[in-house]
Amino acid sequence: MKNGGQTIKCDVTTCQYNVSTDCRCSLSGVKISPRKGCSSHDCDESLCSSYKCKDNCCYN
């Protein structure tokens, strides 16, 4: 979704907000949070807190 000139891209296809045809997030904004107990400074140190699992997700 374009919001003020920014685009939210997402490859997490299990999220209900993912538009898989072009790896786009359908939300106008997302909240990013640090992973608990992680300070590795690697790219996987953060999580999308706006994530919602699609139906039939393994984490129901």
Side-chain angles (χ1 to χ4, degrees):
M1 168 83 51
K2 277 230 181 234
N3 187 13
Q6 294 186 359
T7 302
I8 302 169
K9 300 296 270 184
C10 179
D11 292 324
V12 183
T13 56
T14 59
C15 182
Q16 72 181 28
Y17 301 118
N18 179 277
V19 181
S20 59
T21 54
D22 58 357
C23 297
R24 181 175 47 86
C25 178
S26 63
L27 293 171
S28 61
V30 295
K31 178 180 179 185
I32 306 298
S33 300
R35 288 177 56 195
K36 186 176 181 176
C38 184
S39 59
S40 65
H41 303 286
D42 288 333
C43 62
D44 67 348
E45 186 171 326
S46 61
L47 296 171
C48 178
S49 296
S50 301
Y51 175 86
K52 290 222 184 201
C53 195
K54 285 183 181 177
D55 290 338
N56 300 320
C57 188
C58 56
Y59 299 109
N60 286 336

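- Note that the CG atom of Leu27 and the SG atom of Cys15 stand 7.0 Å from one another [nearest 0.5 Å].
- Among residues two or more places apart in sequence or in another chain, the side-chain hydrogen bond (donor to acceptor under 3.5 Å, both in side chains) test is passed with Thr13 by none.
- In this structure, the side-chain contact (heavy atoms from CB on, under 4.5 Å) partners of Ser33, at least two apart in sequence or on a different chain, are Lys31, Ser49.
- In terms of the side-chain hydrogen bond (donor to acceptor under 3.5 Å, both in side chains) criterion, Asp11 has no residue partners (sequence neighbours excluded).
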> Run the side-chain contact (heavy atoms from CB on, under 4.5 Å) check on Tyr51 and Thr14 step by step: do they pass?
Replying inline: CA-CA 9 Å; Tyr51 175 86; Thr14 59; 2.8 Å; yes
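- Between atom CD1 of residue Ile8 and atom OG of residue Ser26 there is a gap of 9.0 Å, rounded to the nearest 0.5 Å.
- A 4.5 Å side-chain heavy-atom check between Cys25 and Asn18 finds every atom pair outside the cut-off.
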